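Accompanying notes for the structure given below.
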Amino acid sequence: MWPLYSVVLAIFAYCFYNRYLHPLAHILGHLFATISPIWLAWQSWNKRRPRLDLELHRRYGSVVRIKPNELMFSNPGYFGQVYGAGTKFTKGRRYEAPTDRTIKGGYDKLDLLTEMDLQKLRLQNRYAGPIYSVNNAERHEGQPLDFYHEVELFGVDLMTNLSFAHPFGSVQAGSDGGHMAGMPRMWRWWIWIGCIPWLNEVDKVYAPWAHVFLKQGLAMTNEGAGVDTMSWTFTTSLVGIAQNPEVYARVKAELSHVLEEGLIVIGKAPAYEAAVQLKYVQACIHQAIRLWPNIAISLPRVVPEPGMEIDGHSIPAGMEVGIGAKKLGQSTDIFGPETEKLRPERWSEASKTVWNDMESRNLGFGGPSRKCPGMHFAWVTLTKVLTAFLLEFDVKVLNKLDGKPGPGGNMWKEYDTFVTWWEGVEIELREATWR
Ligand code: HEM
């Protein structure tokens with residue numbers, strides 16, 4: 001019996017230490033979150049974040065312990081210190097999940113998202129930079145349905161075109177050969193195992209199932225970081241506009257103005273230079289990214305020496321802290337009143353100073369220290385595709401998030417993992433009425 005007693009005693013001692021003696025013991029959080037990382041892994045497996053994060057802030061305040069050694073904060077005043085350019089805060093161990101530390105001699109898989117070696121990252125960015133530039137993106141100009149899936153097919157073609165100079169052919173075939181089906185499995189696996197980094201090390205040696213994502217053909221930097229994020233941002237921008245009649249009316253007015261001026265022609269893909277001049281449509285994309293950031297969980301960063309203070313709590317070096325893009329997007333300090341509403345005027349009518357502040361303290365494309373290198377490519381693409389779409393079609397959303405099924409029988413559900421995605425949002429497209 002002694003071995004059993006010893007195990008029980010060790011578990012009890014571990015939980016007791018985390019709850020009462022740990023350097024973060026003074027910070028509030030769910031009881032199970034404060035004693036072991038298993039609680040967060042379980043919540044993550046069940047796709048509950050980032051909505052869970054918002055609920056935790058409501059319950060426990062501005063600083064919440066979500067794992068024994070990790071906390072989330074909501075005060076945007078600490079944004080620059082944690083995510084700003086030149087910060088000493090590095091990415092937390094969550095990002096180790098897709099890397100394989102058992103490979104000898106370093107692991108050069110050219111995945112910028114998970115790269116921890118800042119020198120290597122700088123070098124990779126220097127070489128990869130031109131691929132993601134606006135110029136390169138411009139060179140690539142050229143009934144109820146489950147909308148999100150259709151948009152992902154387009155995303156696969158777009159990103160394979162960017163990476164391999166020819167598209168996979170998903171749109172034409174109506175299928176991506178199952179590649180994107182692997183992505184939700186990868187994100188879901190990453191989000192829970194990322195909570196327990198030591199398990200990630202063990203799994204690489206003993207659990208072949210943990211390699212599942214490495215076997216997915218498209219799980220590499222561009223496809224992994226680009227397809228879901230772009231499909232999501234395009235869909236949320238379009239749905240946001242279509243669900244808000246006043247916003248939609250202003251979008252239509254702006255489009256009809258540029259049509260009259262001949263800046264954009266129906267039936268022809270709009271050039272980026274022309275589409276980017278639609279200030280209100282641009283503001284709608286900014287708003288969608290603020291309200292519905294795709295990577296919305298708190299992005300963990302390791303506190304450097306000599307530690308830090310957040311809202312009066314002292315946090316020792318080595319602990320992980322982060323703020324979620326969704327929570328940050330609700331900050332009235334940065335974005336003004338009624339942040340729960342999609343109000344593109346926040347951007348379209350902002351002064352240059354306010355505009356710059358909103359852009360620099362927004363995690364939609366990551367913090368300045370690890371900014372998304374695909375941001376310019378994404379912006380060009382989103383601008384062109386959204387503008388073309390709004391010109392060609394009148395868009396109507398047929399069902400409600402978490403509501404009843406639409407006429408096509410689909411329930412619109414949101415799944416929260418490392419990235420957020422929707423399933424079953426039904427949209428009706430009709431030829432636009434200005435013809
Ligand atoms: C609307 C579309 C996009 C959004 C909203 C988005 C968002 C983000 C965010 C929030 C991060 C920071 C993640 C973190 O700190 O953990 C990030 C990083 C990254 N993104 Fe994007 N992204 C988009 C499109 C793209 C595209 C098209 C590509 C590739 C062509 C790309 C490649 C990357 C890479 C490589 C990183 C890692 C950068 C680093 O850690 O230094 N993204 N993105």
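Counting starts at 1 for both ligands and their atoms, following the listed order. Since this is a predicted model, take the numbers as computed values, not measurements.
Residues forming a side chain to side chain donor-acceptor pair (under 3.5 Å) with K252 (at least two apart in sequence, or on another chain): D394. Legend: residues meeting ring-ring contact (aromatic ring centres under 6.0 Å, His included) with H22, ordered by chain and number and at least two apart, are Y17.
Checked against a 3.5 angstrom limit, the closest N/O atoms of N294 and ligand 1 fall outside it. No N or O atom of K371 sits closer than 3.5 Å to an N or O atom of ligand 1. For ligand 1, one of its N or O atoms has an N or O atom of Y95 under 3.5 Å away.
Contacts with ligand 1 closer than 4.0 Å are made by no heavy atom of R94, backbone or side chain. Contact annotation for K91 and ligand 1: only side-chain heavy atoms (C-beta onward) come within less than 4.0 Å of the ligand.
Ligand 1 places these atoms under 4.0 Å from at least one heavy atom of G366: 9 (C), 10 (C), 12 (C). Near T233, meaning under 4.0 Å from any of its heavy atoms, are these atoms of ligand 1: 1 (C), 5 (C). The L363 neighbourhood of ligand 1 comprises atoms 10 (C), with distances under 4.0 Å to a heavy atom of that residue. Which parts of ligand 1 touch L299 is read off a 4.0 Å heavy-atom cut-off, strictly below it: atoms 14 (C), 15 (O), 16 (O). Proximity to M230 (heavy-atom distance under 4.0 Å) selects the following atoms of ligand 1: 2 (C). Atoms of ligand 1 found under 4.0 Å from any heavy atom of G364 (numbered from 1 in listed order, with element): 5 (C), 7 (C), 10 (C).
Annotation: cation-pi geometry satisfied between R290 and F335 (NZ/CZ under 6.0 angstrom from ring centroid, within 45° of ring axis). Relative to the ring axis of Y272, K384 does not place its NZ or CZ within 45° and under 6.0 Å from the centre.
Residue I295 is tested with D228, T420, V419 for a side-chain contact (heavy atoms from CB on, under 4.5 Å); the sole match is V419.
Using a 3.5 Å distance cut-off with no hydrogens or angles, the side chains of Q43 and H30 do not pair a donor with an acceptor.
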Show the numbers, then the answer: is there a salt bridge (charged side-chain N to carboxylate O under 4.0 Å, His left out) between K413 and D402?
CA-CA 6 Å; K413 289 275 169 213; D402 294 328; 3.7 Å; yes
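The CG atom of L342 lies 5.5 Å from the CG atom of L291; values are rounded to the nearest 0.5 Å.
By the 4.0 Å heavy-atom criterion, I289 is excluded from the residues contacting ligand 1. Under a 4.0 Å heavy-atom criterion, R301 is in contact with ligand 1.
Around atom 20 (N) of ligand 1, the closest heavy atom drawn from C372, G374, S369 belongs to C372. Remark: among candidates T381, I295, T229, the nearest residue to atom 24 (C) of ligand 1 is T229, based on non-hydrogen atoms.
For W412 and W422, the gap between ring centers is short of 6.0 Å.
The pair E55-R59 meets the salt-bridge criterion, since a charged nitrogen lies less than 4.0 angstrom from a carboxylate oxygen.
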